[in-house]
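Questions regarding the structure given below will be posed in turn.
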Amino acid sequence: MSLNDQCASRVRLPAVILALWLGGASLVAYSDSSRMASGQLPVHLHAINSRVATAPPPKPIPDDESGHIRTGLPFKNPPMISSRRGVLEMRLNAGAKPVRISGKKVNARVYAASAHGKDYPYAFMPPTLVLDPGDNLRINLANRLGEPTNLHTHGFFISPSGNQDNIFVDLISGKSILYNYYLPQGLSPGSYWYHPHYHPLVEEQVFGGLSGFIYIRGIEALLPPDLRRVTHQFLGLKDFQVNRSNSIPSENINSDSPTHRTINGLVQPVMTMRPGETQLWHLGNLSADIWYDLEMPGLTFSVIAVDGNPVDKVQEATTLLMPPARRFDVLVQARHAGIYQLITREMTTGPDGDTYPRTLMATLSVRGTPVAPVALPEQIQPLDNLADAIVSRRRVFELSENTITGQFFINEKEFDPNHVDATPVIGTVEEWVFRNRSQELHPIHVHVNDAQVMSVNGVPQQANSWLDTIPIPYATQNTSGIFVPGEVVMRLRFRQFIGPYVFHCHILAHEDNGMMTVINVTSPDSE
């Protein structure tokens, strides 16, 4: 279908950057009964090794009540909540609730929502938020989890301060906070997503089901006229496991264990198209830890945007490698009737990583009255190429891990909110070198400013778009038996927003266990 149819909180800010943060946008917080003035907002420091009180185990669901997973159900898009006249004001509740995932009742951590006078119940796949560049997004987040949480608008080019995309916010259970995002007019169209970013509970909360799509309109205007009212399909890729109490685990999550892969909370749904039809698929890996390597034998993906960045030249791809957090916007055209299978291929993330079997994700049934296929575009939007930019600073970040203790490091340090690893100056371009000394892939996600990949393992890359999540190859042995780290060189332009934010591995178990660090973007006259 066409999109046209369709508190008391605390701020866990390190002392070294607290003064800078307080100079940003004010933060509006609410308790359940009264408003707190931003000047009265309590602040505390949250150390990496402090113990965080988590929610108690949920009441077990008996097997006969839980039931079985149903496969082959009709594909459904998530519910859509769209902005109106430049504003989207909504309530988002995060709760520990039983929900049905493809027919099976399980205990999960999930969102419910309300907007425009309509309520959306708790669900493993929550509503997709649909906005335009320049909109004002107001989310009143209520925490009903029994443990702290917060909210991150993944991929947004937006301020990291105040009550916008501030991942240092600590929302206590039973309280609410108003997030007030002012989207820039230049925000790129495409697919984004929202999820918690409360350290160190990110993995368990996202794995429990707390993640959903955001779609920024505008990519339709970049398509040929015949495709501007194309049917949109949103495919949120999420997996789940259940323990003996029919609950999604919140501790000792093993991403290498057998898991149920879903699309919008459905296991192996059935999609439909007409012969000759073209659809615009928004694919997002909204899971906590696992990768996807998608293939649809007999059909190809015409990639028009990656990580919310329209591409320069449209790429015809037979496979799509999707680390955690990766999004693709693709055109799919089925010229002939038939049955096609969307699969994720067998893959490994390295000797110390995970191994995934070949798995059927969905079936596409192409049937009905044929329509005349339209010509697909060759180019979407010219790349803002940083290849010839003046580089003000070159930094090296080394990734490593201890496979015995389960600790993960950047430059031999676990995450410390009081340690700032880089202080780029606004308006400059920097070159960052990531070297992976471990034996598994690490997808690095940089908040606020996306990056252009310059080279991978010494091989120059012809970038087609900027990215916000970039896999760093694992170390390999050379002919002398010496391990050579995998290496990615990337460039970033620090365009508009000053203040502290983070980059980290988006395998969320790795982030929670140390592979994250703070950067602080400063103004030119800062010391």
Side-chain angles (χ1 to χ4, degrees), residues 53-79 92-114 119-127 142-147 149 173-174 195-196 201 203-212 235-271 286-290 292 341-344 354 356-363 365 508-509:
T54 58
K59 181 181 178 181
I61 300 175
D63 289 341
D64 58 351
E65 181 182 346
S66 176
H68 300 284
I69 292 171
R70 296 178 61 191
T71 62
L73 296 172
F75 169 86
K76 291 183 179 179
N77 271 316
L92 194 65
N93 295 334
K97 300 289 182 179
V99 295
R100 291 203 177 268
I101 306 176
S102 209
K104 183 175 179 64
K105 187 177 181 181
V106 304
N107 288 311
R109 286 165 167 76
V110 284
Y111 289 122
S114 60
D119 294 328
Y120 301 85
Y122 285 102
F124 191 65
M125 191 64 191
N143 183 0
R144 304 290 182 262
L145 290 170
E147 62 190 29
T149 193
S173 184
H195 64 82
L201 305 181
E203 181 195 26
E204 61 138 280
Q205 293 185 1
V206 174
F207 187 65
L210 289 168
S211 61
L235 286 75
L237 311 180
K238 304 169 74 167
D239 73 300
F240 75 100
Q241 303 168 21
V242 291
N243 57 25
R244 292 181 180 178
S245 68
N246 287 307
S247 302
I248 297 177
S250 60
E251 297 180 348
N252 301 316
I253 298 166
N254 184 356
S255 58
D256 203 28
S257 292
T259 192
H260 304 288
R261 296 179 183 247
T262 75
I263 297 179
N264 300 344
L266 299 172
V267 177
Q268 300 174 7
V270 176
M271 306 179 70
L286 313 187
S287 54
D289 301 300
I290 72 171
Y292 292 79
Q341 291 187 327
L342 177 65
I343 65 167
T344 182
D354 295 343
Y356 309 126
R358 181 186 188 278
T359 303
L360 175 66
M361 293 298 302
T363 299
S365 176
L508 297 180

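Here the structure is a predicted model, which means the values were calculated and not measured. Only this structure's heavy atoms are used, side chains among them; waters, hydrogens and symmetry mates stay out.
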>> Between Tyr356 and Thr259, is there a side-chain heavy-atom distance shorter than 4.5 Å?
In response: no
> Are Asp289 and Ser255 close enough, and set up right, to give a side-chain hydrogen bond (donor to acceptor under 3.5 Å, both in side chains), and what steps lead you there?
Replying inline: CA-CA 6 Å; Asp289 301 300; Ser255 58; 5.0 Å; no
>> Would Met361 and Ile263 count as a side-chain contact (heavy atoms from CB on, under 4.5 Å) here? Give the steps.
In response: CA-CA 7 Å; Met361 293 298 302; Ile263 297 179; 3.7 Å; yes
> side-chain contact (heavy atoms from CB on, under 4.5 Å) between Gln205 and Leu508: does it pass, once the steps are laid out?
Replying inline: CA-CA 10 Å; Gln205 293 185 1; Leu508 297 180; over 6 Å; no
> Under the ring pair (Phe, Tyr, Trp, His ring centres under 6.0 Å) test, which residues partner Tyr292, sequence neighbours left out?
Replying inline: none
>> How close do Glu147 and Asn143 get, counting heavy atoms only, and between which atoms?
In response: O-ND2, 2.8 Å
>> Are the side chains of Val206 and Pro196 in contact, using a 4.5 Å heavy-atom criterion?
In response: yes
> Got Ile248 and Phe124 here, is their nearest side-chain heavy-atom distance under 4.5 Å?
Replying inline: yes
>> For Ser211 versus Tyr111, what's the shortest heavy-atom pair and its separation?
In response: N-CE1, 3.8 Å
>> Once side chain to side chain donor-acceptor pair (under 3.5 Å) is applied, what residue pairs with a partner in residues 261-270 remain, sequence neighbours excluded?
In response: none
> Do Ser257 and Gln241 have side-chain N/O donor and acceptor atoms under 3.5 Å apart?
Replying inline: no
> So, for Asn93 and Ala142, which heavy atoms are closest and what is the spacing to 0.1 Å?
Replying inline: OD1-CB, 3.2 Å
> Do Ser102 and Leu73 touch side chain to side chain, with heavy atoms closer than 4.5 Å?
Replying inline: yes
> How far apart are the C-alpha atoms of Leu210 and Leu145, what are their side-chain angles, what is the distance that settles it, and do they pass the side-chain contact (heavy atoms from CB on, under 4.5 Å) test?
Replying inline: CA-CA 11 Å; Leu210 289 168; Leu145 290 170; 3.9 Å; yes
> How far apart are the C-alpha atoms of Lys238 and Ile101, what are their side-chain angles, what is the distance that settles it, and do they pass the side-chain contact (heavy atoms from CB on, under 4.5 Å) test?
Replying inline: CA-CA 11 Å; Lys238 304 169 74 167; Ile101 306 176; over 6 Å; no
>> Counting C-beta onward and ignoring hydrogens, is there a side-chain heavy-atom pair between Leu201 and Thr149 closer than 4.5 Å?
In response: no
